[in-house]
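Below, each value reflects all heavy atoms present in this structure, side chains not excepted, and no hydrogens, waters or symmetry copies. On a predicted model such as this, the values are computed, not experimentally measured, just so you know. Sequential numbering from 1 along the given sequence is applied to the chain's residues.
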Amino acid sequence: MNRVYSLLIFLSFSIPTIGQDWKWKNPLPTGNKLTVVKFIDSTTVIAIGNNGTILKSTNKGLDWSVKLSGTHLDIVSLSVIDRDTIYVSCSDRSILKTINNGDSWTKVFNGGGTYDVKSQVFFLSPAVGYLLGTSMQLLKTIDYGRTWNNINLGNEFQNVKSICFTTENVGYGITSSSLLKTIDGGLTWTEKELPGSSYYNAISFT
């Protein structure tokens, strides 16, 4: 009887140790769905995706390394300031930031706690950024993402799918059929219908 109890105790302590040796083997580098892939410079690429996935390549995508994001939430948008400073937003509108070219990440904003797969972060500089949520939510930060202020918006900002700012005051938003523009930092927006019958999803300026 004592031998049986000894064997059970040994197994109970051994199983967690064995589990720590498991690694993702196939498909590599991950089987999680990717949402955005973007070049940071001529050779460095960052990819983000579901279940907290952040991947980095330093040879134009030939090889990838998995980076620890610190979250299991879906990561849905990516905003690059420079080679070292990058922001990403998660499906609860939380914000992660790296200042070392994507090698390590820290959370700078806890978000709203509500699932929001359309969350989009857009930074003009390391300090000034915007966060788009569902419905008519637009948040702004001027202190590197530490605090965010909710901008009160009118009905014309409904169903905006993507935002892009060219200066701190001039920005654009897009719905499925129209283009919106602000010249006062997002406080007010004017709307213009887009041509054709296409369904628009995103906007970007070079």
(request) Sequence neighbours left out, what passes ring-ring contact (aromatic ring centres under 6.0 Å, His included) with Phe165? Give chain and number order. (result) Tyr130
(message) Return the CZ to OH distance between Phe109 and Tyr87, rounded to the nearest 0.5 Å.
(response) 13.0 Å
(message) Please give the remaining members of the hydrophobic cluster of Leu96, linking ILVMFWY side chains under 4.5 Å, ordered by chain and number.
(response) Val36, Ile40, Ile46, Ile48, Ile54, Ile75, Leu78, Val80, Ile86, Val88, Trp105
(request) Measure the spacing between CG of Leu124 and NZ of Lys140 and express it to the nearest 0.5 Å. (result) 8.5 Å
(request) Mind listing the closest non-hydrogen atom pair of Ser177 and Glu193 along with its distance? (result) O-OE1, 3.4 Å
(request) Just jot down the side chain to side chain contact (heavy atoms under 4.5 Å, CB included) partners of Asn100, sequence neighbours excluded, or say none. (result) Thr98, Asp103, Ser104
(request) Would you please name every residue forming a side chain to side chain contact (heavy atoms under 4.5 Å, CB included) with Lys181, sequence neighbours left out? (result) Val170, Tyr172, Ile183, Thr190
(request) For Asn32, enumerate each residue passing the side chain to side chain contact (heavy atoms under 4.5 Å, CB included) test, keeping only those at least two apart in sequence or located in another chain. (result) Trp24, Thr30, Asn51, Thr53
(request) Check whether any side-chain heavy atom of Thr44 sits under 4.5 Å from a side-chain heavy atom of Lys56, and report yes or no. (result) yes
(message) Within the 4.5 Å heavy-atom criterion, are Ile163 and Leu138 side-chain neighbours or not?
(response) yes
(message) Please report the interatomic distance CG(Asp74) to OG(Ser91), rounded to the nearest 0.5 Å.
(response) 4.5 Å
(request) Kindly compute the distance separating CG (Leu132) from CD (Gln137), expressed to the nearest 0.5 Å. (result) 8.5 Å
(message) Rounded at 0.5 Å granularity, tell me how far CG in Leu180 sits from NZ in Lys192.
(response) 12.5 Å
(request) For Ser57 and Asn59, test the side chains for any donor-to-acceptor distance below 3.5 angstrom and give the result as yes or no. (result) yes
(request) Grab the two heavy atoms, one from Pro29 and one from Trp64, that are nearest each other, plus how far apart they are. (result) CG-CB, 3.8 Å
(request) For residues Arg93 and Leu131, determine if any side-chain heavy atom of one lies less than 4.5 Å from a side-chain heavy atom of the other. (result) yes
(message) When you compare the side chain of Lys38 with that of Val45, does any pair of heavy atoms fall below 4.5 Å?
(response) no
(message) Within the 4.5 Å heavy-atom criterion, are Thr182 and Asn169 side-chain neighbours or not?
(response) no
(request) Go through the structure and list residues passing side chain to side chain contact (heavy atoms under 4.5 Å, CB included) with Ser77, not counting sequence neighbours. (result) Ser89, Gln120, Val121
